[in-house]
Amino acid sequence: MNQDNISRKDSCEAEPQVPWNGVRIGEKCSGAEILMRALYQEHVDTIFGYPGGAIMPVYDALYTYTGKKDAWFHHVLVRHEQGAAHAAEGYARVSGKVGVVLVTSGPGATNTLTGVADAMMDSVPLVVIAGQVGVGALGTDAFQEVDLVGITQPISKWSYQIRKAEDVAWAVNRAFFIARTGRPGPVVLDFPKNAQVGMAEWQPGKTDKVRSYNPYPKPDPEAIQAAADLINNAKKPFALVGHGVEIGEAQAELREFLEKADIPAGRTMLGLSALPTHHPLNMGMLGMHGNYAPNIKQQECDVLIAIGMRFSDRDTGRLDRYAKQAKVIHLDIDASEIDKNVKTDVAVVADCKESLPAITSLLHKAEHKDWIASFAPLREKEEREVINPAIHPSPQGPLKMGEVVNAVAEATKGEAILTNDVGLNQMSSSRYFKFCRQRSIVTSGGLGTMGFGLPAAIGATFGAPDRQVCLFTGDGGLQMCIEELGTIMEQQAPVKIILLNNNYLGNVRQWQDLMFHHRHSFTRMMNPHYAEIAQAYNIGYDVVTRHDELQAKVKRMLTDKGPFLLECAVEEEENVTPMVTPGSSIDEMKLHLDI
């Protein structure tokens, strides 16, 4: 029998009649059927995907396990494969599980590449399963053939081609093990059609180690002691809290560490919800558009403790001037991050959920009242000159981005998940949103992917269905993946979309004003009628143009049970400040831009 013509009834010799525990080992099944069982073995509940020719046997197998009360999987049909990857990222970021993407070969697979690269930069666990032409046709430039393994190797944790049905369960189990362990990241499985329709015995995969891969290195006791000694002797310690704390589920360990040694902390954008906004030791957001005090104080501290962060250029400014006065302690699970950008004095390579308590146990109970008090004048200066004018602007002027963000933050009381796109909307919403729960920010950090926000917010509603998901986006970012409004319509995903509409590609426009003499080269945007778009997709809609109607319309959006688009007509050429301008050191942050 030609394997390409195997029918659904032949794909497994004995259909499973009961859930996982009743599926008999050793049954002979198609590779597509084995994939279903392997995904179930990995506790997958949600798949984001888009069918096509080279993945049709898998979608045929999936048909049996979706759409019923006791279905194994919920499949979310996106409108573009890039949307599938970003939705899976949003799901993974808020749930802590692995996001799963299912697409066809060729353009279907290459459309996911931006999401794969984004997940790699931000350490998000994904498994992308892509159809491929049969092994016999590889290298012939067959219809929709592409060397997916070759393309994705540099932007993934692991990329592998499954050439035989008997390798499916092993490859899937290994993929999930690699994606979720250690520093998480994306894995890509290239699945030729012959392996999908070929027959093999169902044997569950089991991976508990991979040669030369050590996902959880044990902390060096000498390094732990050295770190504790530096902190115990510090007069001005300062902690940089990154995304690794969220990934490692070490939020409680972080608080115990900071509180015992009385260490003030700044958070990276990806680490914003690792420490509650109103925690007394939280000094604000780090980085180019972060808060004034934590950026300035990095250049004054005597011991700098980086926890699960990678010293991104957006956090450090000029490296040749960065924290030269401080002893640097770096806690990270990934040894490749040590000394990559900033030379460390003590490196603790381990999961921070393990390394933080180990250090804390050796710390003296300390107080740094004067040091912490020295942040106050800087915080008050920013509050007076930047924050208050942004969130309480003149009633005679236009709406401000910070004002809108603050209104939503106050109304949701720090309980909501913040999802944002890239640009001024991202900077403003990250600065002014409030967080009191962990895993509450979904943003594209390292890659800075416009179009990320809308599909990521959809994924977040599936990853945390009991929580409010608020998406802040700009008119540019929204239109990059606007087709995913169709996914929202079909799934009734209750995303609250707050569109900060300034008719510009705002972040680029701000840089053009700063560095290119106000020459707005193709950053002014002609926008559609968003009210009509929302109506077409059966999504609730309202528009805010005045200060005095903002709170009422935010309340209307949040009390609406379904998806909602709130368009806010904000000041067209508003800038986000403070800012560390390109080429400056982190303590040269400007509260105002002279442009």
Side-chain angles (χ1 to χ4, degrees), residues 35-36 38-40 42-52 54-56 58-59 61-63 65-67 71-105 107-120 122 124-131 148 152 156 172 175-176 179-180 184-191 417 419 442 444 449 451-465 469 471 480-495 563:
L35 174 63
M36 297 299 104
L39 293 176
Y40 191 79
E42 299 299 333
H43 307 290
V44 172
D45 53 25
T46 306
I47 299 170
F48 302 91
Y50 202 97
I55 200 68
M56 283 178 67
V58 169
Y59 267 90
L62 182 63
Y63 185 83
Y65 304 109
T66 55
W72 286 8
F73 311 113
H74 179 67
H75 179 273
V76 179
L77 177 65
V78 296
R79 298 307 187 259
H80 190 282
E81 292 89 352
Q82 182 180 347
H86 293 325
E89 286 189 87
Y91 171 91
R93 289 274 289 272
V94 300
S95 69
K97 301 177 183 178
V98 178
V100 179
V101 178
L102 187 61
V103 295
T104 194
S105 63
T110 58
N111 281 344
T112 69
L113 294 181
T114 299
V116 172
D118 192 276
M120 189 67 177
D122 287 350
V124 181
L126 296 187
V127 171
V128 177
I129 303 164
L148 186 61
T152 56
S156 65
V172 170
F176 276 80
R180 67 162 64 101
V187 170
V188 177
L189 294 178
D190 195 34
F191 199 5
I417 292 170
T419 308
V442 180
S444 176
T449 305
F452 170 89
L454 185 61
I458 294 170
T461 66
F462 288 98
V469 176
L471 164 66
M480 277 202 171
C481 281
I482 199 169
E483 73 282 346
E484 297 308 328
L485 292 175
T487 307
I488 289 179
M489 175 181 66
E490 182 171 334
Q491 299 291 330
Q492 278 300 291
V495 179

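Both backbone and side-chain heavy atoms feed into the values below; hydrogens, waters and symmetry mates do not.
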Trainee: For the residue pair Leu62 and Leu102, establish whether any side-chain heavy-atom pair is separated by less than 4.5 Å.
Mentor: yes
Trainee: Is the shortest side-chain heavy-atom distance between Val116 and Val101 below 4.5 Å?
Mentor: no
Trainee: side-chain hydrogen bond (donor to acceptor under 3.5 Å, both in side chains) with Ser105: which residues, sequence neighbours excluded?
Mentor: none
Trainee: Please report the shortest heavy-atom distance between Ala464 and Val94, naming the atom on each side.
Mentor: N-CG2, 3.8 Å
Trainee: Tell me the side chain to side chain donor-acceptor pair (under 3.5 Å) pairs involving residues 86-96, sequence neighbours left out?
Mentor: Asp45-Tyr91, Gln82-His86, His86-Glu89
Trainee: Does Asn111 use its side chain to pair, donor to acceptor, with the backbone of Pro107 at less than 3.5 Å?
Mentor: yes
Trainee: Quick one: pull up CD1 in Ile47 and OH in Tyr65 and give me the separation to the nearest 0.5 Å.
Mentor: 12.0 Å
Trainee: Holding to ring pair (Phe, Tyr, Trp, His ring centres under 6.0 Å), I want the full list of residues that pass it with Tyr59, two or more places apart in sequence or in another chain.
Mentor: His75
Trainee: Side chains of Phe176 and Leu39: does their closest heavy-atom pair fall under 4.5 Å?
Mentor: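 In contact.
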Trainee: Rounded to the nearest 0.5 Å, what separation is found between the CG atom of Leu454 and the SG atom of Cys481?
Mentor: 7.0 Å
Trainee: For the atom pair CZ (Arg79) and CD1 (Ile488), what is the distance rounded to the nearest 0.5 Å?
Mentor: 10.5 Å
Trainee: Give me the atom names and distance for the closest heavy-atom approach of Thr461 to Ala493.
Mentor: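 Heavy-atom minimum between the residues: OG1-CB, 3.6 Å.
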Trainee: What heavy-atom pair brings Ala456 and Val442 nearest, and what distance separates the two atoms?
Mentor: CB-CG1, 4.0 Å
Trainee: What is the minimum heavy-atom distance between Pro186 and Ala119, and which atoms define it?
Mentor: CD-C, 3.9 Å
Trainee: What's the separation between atom CG in Leu35 and atom CG in Leu189, rounded to the nearest 0.5 Å?
Mentor: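 One finds 8.5 Å between CG of Leu35 and CG of Leu189.
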Trainee: Students often mix this up, so state it plainly: with edges at 30° and 60°, are the rings of Phe462 and Phe48 parallel, tilted or perpendicular?
Mentor: perpendicular
Trainee: Minimum heavy-atom separation for Ala457 to Leu471, with atom names?
Mentor: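 Taking Ala457 first and Leu471 second, the nearest heavy atoms are CB-CB, 4.1 Å.
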Trainee: Given Val188, which of Leu148, Ile129, Thr112 fulfils the side-chain contact (heavy atoms from CB on, under 4.5 Å) condition?
Mentor: Leu148
Trainee: Of the non-hydrogen atoms in Ala130 and Thr104, which two are nearest, and what is the gap between them?
Mentor: CB-O, 4.1 Å
Trainee: So, using side-chain hydrogen bond (donor to acceptor under 3.5 Å, both in side chains) as the criterion, who are the partners of Glu483 when residues are at least two apart?
Mentor: none
Trainee: Measuring only between side-chain heavy atoms, which start at C-beta, is Val103 closer than 4.5 Å to Ile55?
Mentor: no
Trainee: Any chance you could measure Ile482, atom CD1, to His80, atom NE2, to the nearest 0.5 Å?
Mentor: 14.0 Å
Trainee: Kindly write out the residues that satisfy ring pair (Phe, Tyr, Trp, His ring centres under 6.0 Å) with Tyr50, not counting sequence neighbours, or none if the list is empty.
Mentor: none
Trainee: Once side-chain hydrogen bond (donor to acceptor under 3.5 Å, both in side chains) is applied, do any residues pair with Glu42, and if so which ones, sequence neighbours excluded?
Mentor: Asn173, Arg180
Trainee: Heavy atoms, side chains only, cut-off 4.5 Å: are Pro51 and Met56 in contact?
Mentor: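 Pro51 vs Met56: side chains apart.
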